[in-house]
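To start, the structure itself, in structure tokens.
No hydrogens, no waters, no symmetry mates; every other heavy atom, side chains included, goes into these values.
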Amino acid sequence: MLDGIRNKAEIPLSVRSLRFLMLDPQEMEAFVNTYKQLPLKCQTVITCMGTLKKNMADEDAVCCLVIGTESGEIFILDPEAFTILTRVSLPSVPALLDVNGQYDIEYRITVACRNGNVYILRRDSKRPKYCIELSTQVVGMVRVQKNIIIGTSQEMLLGYSQKGKLLWTVTLPASIMTMALLEQKSRSIQAVLVGLKNLEVHLYRDKNLLSVISTPDIVTSLCFGRYGREDDTLIMTTRGGGLIIKILKRTAHFEDKDTSPGPPTGQSIKLNVPKKTKLYVDQTLRERENAVAMHRVFQMDLYRLRLTAARAYVKAMDASLTPVSSTMQEPITLNGAVQGIGPRFKLILNLQNTSVNRPSMQLLISFLYDEQLYQLKPAFFKVPLLVPGLNYPIETFVDCCTNKGISDIIKVFVLREGKSAPLLTAHINMPVSEGLLAG
């Protein structure tokens with residue numbers, strides 16, 4: 001009750017005044033006589049802290065101390081005299097701070113307060129410039145370039161612009177325990193580390209999940225930066241008092257994985273849609289008036305397309321234009337090539353086993369052809385053991401026995417010993433023999 005009176009008052013009450021209001025009426029006079037000679041002091045406690053560069057952006061440059069207090073105020077202290085340079089009042093008690101910029105030039109202070117709101121302060125402003133209203137409490141906050149990444153108690157990760165506009169949301173698998181910034185300066189990479197209650201640490205760049213680190217215990221704090229001679233080191237502390245140190249490999253490659261449900265990321269990009277023209281309006285009216293007829297024409301064209309595709313598939317299967325094994329137990333592919341101008345041709349067959357780890361053995365190759373046109377030596381032979389993934393060229397010679405200037409198809413069958421049904425069939429279109437025609 002007294003906290004509510006203190007917060008709603010235009011001038012906050014001191015601890016002594018609050019204690020006076022709690023006394024019984026018979027004790028008030030003695031209390032006043034005891035403390036009436038002592039000046040009133042409104043003391044407060046620090047709730048969060050940060051640093052702000054004074055006038056240079058170097059790593060070892062002089063910094064000002066930024067303090068958030070229980071009285072709902074933000075103080076910026078001078079780095080030498082420790083006097084108050086700037087004081088800003090907030091509607092609620094600050095809980096988290098993120099400071100960016102330089103005090104003498106331009107800066108932004110992002111403050112997450114206990115009332116569930118996030119306020120953005122700028123230089124020379126006595127009141128917050130922007131406000132982000134949330135429906136839940138903030139448990140983590142990190143600035144990535146010009147965006148603000150906020151973690152909430154409802155297992156959500158929210159991305160906002162520096163003006164408070166919501167950019168994206170990500171639903172997490174567990175509650176957030178801690179958050180930190182991962183910045184790899186050698187590659188200009190900035191990402192967000194999120195420690196979760198399910199013994200995992202997720203790494204996000206925008207809304208895309210880059211990596212997941214499993215930990216033996218719940219991580220309570222994260223820090224990424226230089227440790228010893230290593231520039232990119234992640235240090236984690238666990239709830240049970242453990243310390244985990246991981247060094248980022250110099251050859252590490254981060255690949256974006258959009259794991260959020262819903263449409264892809266590219267769908268949220270705004271298109272430069274032109275204005276509606278008179279032709280567009282007329283076309284829309286025509287589609288409305290002839291919707292049924294247009295739908296019937298579309299369905300007819302779709303049926304014709306399916307029929308054409310089915311016919312082409314059957315034709316390819318009958319002609320063996322795509323010689324692939326029909327059984328998954330013997331996944332074999334066959335490609336044929338003919339070399340020469342006649343009357344002797346060289347027929348090269350390339351066999352390949354496409355299985356993962358199962359070799360093919362006890363296979364035979366035979367040919368079916370018109371004996372009045374061609375002769376093959378040999379026309380039947382065994383296939384060696386086919387190791388998965390390797391290409392096996394098999395060669396034979398075809399002699400043309402006619403000078404009539406005609407050609408035919410030679411069928412190639414791949415069989416298994418002891419079985420009559422072929423595993424694979426291919427049709428080789430032989431060219432016309434130019435050697436006999438010239439003679």
* Under a 4.5 Å cut-off applied to non-hydrogen side-chain atoms, are L97 and T110 in contact? -> no
* **Neighbour count >12 (heavy atoms, 6.0 Å) for atom CD, E80** => no
* Asked: Do T354 side-chain atoms and P331 backbone N/O form a donor-acceptor pair below 3.5 Å?
  -> yes
* **Exam field: side chain Q137 to backbone R114, donor-acceptor pair closer than 3.5 Å** => yes
* Asked: Between D206 (side chain) and N208 (backbone), is there a donor-acceptor pair under 3.5 Å?
  -> no
* Is the CZ atom of R16 crowded by more than 12 outside heavy atoms at less than 6.0 Å? -> yes
* Would T215 and V201 count as a side chain to side chain contact (heavy atoms under 4.5 Å, CB included) if you check the C-alpha gap in whole Å, the side-chain angles of each, and the deciding distance to 0.1 Å? -> CA-CA 8 Å; T215 57; V201 177; 4.1 Å; yes
* To do: With M236 as reference, evaluate I245, T178, I244, L243 under the side chain to side chain contact (heavy atoms under 4.5 Å, CB included) test and give the passing residue.
  => I244
* No-hydrogen, no-angle side-chain donor-acceptor test under 3.5 Å, T136 and S153 -> yes
* Asked: Closest heavy-atom contact between K163 and Y130?
  -> O-CD2, 3.6 Å
* Step through the shown structure and confirm whether more than 12 heavy atoms of other residues, nucleotides or ligands are within 6.0 Å of OH on Y227. => no
* Roughly how far, to the nearest 0.5 Å, is CG of L351 from CG of L349? -> 6.5 Å
* Look up atom OH in Y280 and atom OG1 in T284, then write down how far apart they are to the nearest 0.5 Å. => 4.5 Å
* To do: Any chance you could measure Q154, atom CD, to S135, atom OG, to the nearest 0.5 Å?
  => 5.0 Å
* To do: Taking atom NZ of K197 as the centre, report whether more than 12 heavy atoms of other residues, nucleotides or ligands fall under 6.0 Å from it.
  => no
* For atom CZ of F381, decide whether the heavy atoms of other residues, nucleotides or ligands shown that lie under 6.0 angstrom number more than 12. => yes
* To do: To the nearest 0.5 angstrom, please state how far the CG atom of L222 sits from the CG atom of L182.
  => 10.0 Å
* Y392 to V387 - nearest heavy-atom pair and separation -> OH-N, 3.0 Å
* Criterion side chain to side chain donor-acceptor pair (under 3.5 Å) on N117 and Y119, from CA distance to verdict -> CA-CA 7 Å; N117 295 341; Y119 301 96; 3.3 Å; yes
* **Distance, nearest 0.5 Å, that separates CG of L196 from CD1 of I213** => 11.0 Å
* Ion pair D282/K278, N-O distance below 4.0 Å -> yes
* Asked: Does the side chain of V383 come within less than 4.5 Å of V414's, by heavy atoms?
  -> no
* **Inter- and intrachain pairs under side-chain hydrogen bond (donor to acceptor under 3.5 Å, both in side chains), touching residues 89-103, at least two apart** => T86-Y103, D98-R143
* Structure fact -> Given the options R122, K53, R123, E106 meets salt bridge (charged side-chain N to carboxylate O under 4.0 Å, His left out) only with R122
* Is there a side-chain contact between V66 and I74, using heavy atoms and a 4.5 Å cut-off? -> yes
* To do: State the CZ-OG distance between R205 and S211, to the nearest 0.5 angstrom.
  => 12.0 Å
* Check: A81 main-chain N/O paired with D78 side-chain donor or acceptor under 3.5 Å -> yes
* To do: Count the heavy atoms belonging to other residues, nucleotides or ligands that lie under 6.0 Å from CD of E29, then report whether that count exceeds 12.
  => no
* Asked: With a 4.5 Å heavy-atom cut-off, do L52 and I76 have their side chains touching?
  -> yes
